[in-house]
Amino acid sequence: CLGHRFRDPALLRDALTHRSFTNENPGTPDNERLALLGDAVLSLVVAERLLAAAPDEPVGVLTPRRAALVSGENLARWAAALDLGAHLRLGRGEEQMGGRAKESVLATALEAIVAVVYLEDGLDAARAAVARLAVW
């Protein structure tokens, strides 16, 4: 769906691992560090697209547009469209509480996936993946 062929199964697994799984399986990395990077990549790519699409718009207009596009709600919607929740590794408690459909869980996982695309193939690949996600 993102147009990316994932090559590092361990990195992809980390991107799909929620901290609740890590809490029950000590020593297992979770997706939060990847999500930090993915958030930055998403913000950069979205800002680039907005500036290119509206070069004369003031920052006061573009900043809220960018924030809306990379909001947790929006990221969760994109993640749900990819059926990302079905692939998450969750702890038992999070699973029972509906974690596969939670906005924060889905948004974090999507950010982590974007980070994996970036780490594996660079910024151009991340740009292409985000372009497939977003409705501009």
Side-chain angles (χ1 to χ4, degrees):
C1 290
L2 292 177
H4 179 78
R5 183 180 175 143
F6 295 95
R7 293 186 311 277
D8 185 340
L11 198 56
L12 180 58
R13 185 182 58 243
D14 292 351
L16 296 170
T17 303
H18 186 260
R19 71 178 169 265
S20 63
F21 185 90
T22 300
N23 290 339
E24 294 177 10
N25 299 276
T28 304
D30 64 35
N31 61 7
E32 291 183 354
R33 291 174 63 85
L34 287 169
L36 174 72
L37 177 60
D39 175 62
V41 172
L42 274 164
S43 289
L44 171 65
V45 170
V46 168
E48 285 179 337
R49 298 271 317 229
L50 288 172
L51 287 170
D56 297 326
E57 287 283 2
V59 171
V61 172
L62 295 175
T63 298
R65 282 187 196 160
R66 186 199 55 189
L69 283 167
V70 298
S71 70
E73 179 183 350
N74 212 32
L75 296 180
R77 187 171 45 81
W78 294 338
L82 295 171
D83 197 26
L84 201 55
H87 303 284
L88 296 175
R89 296 186 339 154
L90 303 174
R92 289 182 300 274
E94 191 65 42
E95 181 79 55
Q96 292 171 351
M97 294 176 55
R100 292 186 189 282
K102 279 187 181 175
E103 180 180 297
S104 62
V105 173
L106 289 171
T108 299
L110 184 59
E111 289 170 339
I113 292 291
V114 169
V116 174
V117 172
Y118 170 76
L119 290 171
E120 287 189 343
D121 283 335
L123 191 53
D124 285 339
R127 286 181 181 117
V130 172
R132 286 181 181 88
L133 288 172
V135 177
W136 303 96

Measure the spacing between [atom1] of [X] and [atom2] of [Y] and express it to the nearest 0.5 Å.
X: R89; Y: N25; atom1: CZ; atom2: CG; value: 7.5 Å
X: R13; Y: T28; atom1: CZ; atom2: OG1; value: 8.5 Å
X: S104; Y: E73; atom1: OG; atom2: CD; value: 13.0 Å
X: L69; Y: W78; atom1: CG; atom2: CH2; value: 5.5 Å
X: F21; Y: E95; atom1: CZ; atom2: CD; value: 11.0 Å

Between [X] and [Y], is any pair of side-chain heavy atoms under 4.5 Å apart?
X: L90; Y: T17; answer: no
X: D8; Y: L119; answer: no
X: L16; Y: I113; answer: yes
X: V117; Y: H4; answer: yes
X: L12; Y: F6; answer: yes
X: T108; Y: L34; answer: no
X: D39; Y: S43; answer: yes
X: L62; Y: R65; answer: yes

For residues [X] and [Y], report the shortest heavy-atom separation together with the two atoms involved.
X: A52; Y: P55; value: O-CD, 3.7 Å
X: L84; Y: L110; value: CD2-N, 3.7 Å
X: N31; Y: A109; value: ND2-CA, 3.7 Å
X: G91; Y: S20; value: N-OG, 2.8 Å
X: E94; Y: V105; value: OE2-CG2, 3.8 Å
X: L106; Y: R100; value: CD2-O, 3.4 Å

Is there a continuous path of hydrophobic side-chain contacts, each under 4.5 Å between heavy atoms, that joins [X] to [Y]?
X: L36; Y: V130; value: no
X: L123; Y: L11; value: yes
X: M97; Y: L88; value: no

Tell me, yes or no, whether the heavy-atom count around R5 atom CZ, taken from other residues, nucleotides or ligands under 6.0 Å, exceeds 12. no
Check whether any side-chain N or O of [X] sits under 3.5 Å from a backbone N or O of [Y] as a donor-acceptor pair, and report yes or no.
X: E120; Y: R7; result: yes
X: E24; Y: R92; result: yes
X: E32; Y: R19; result: no

From CA spacing to verdict: side chain to side chain contact (heavy atoms under 4.5 Å, CB included), D30, H18: CA-CA 5 Å; D30 64 35; H18 186 260; over 6 Å; no
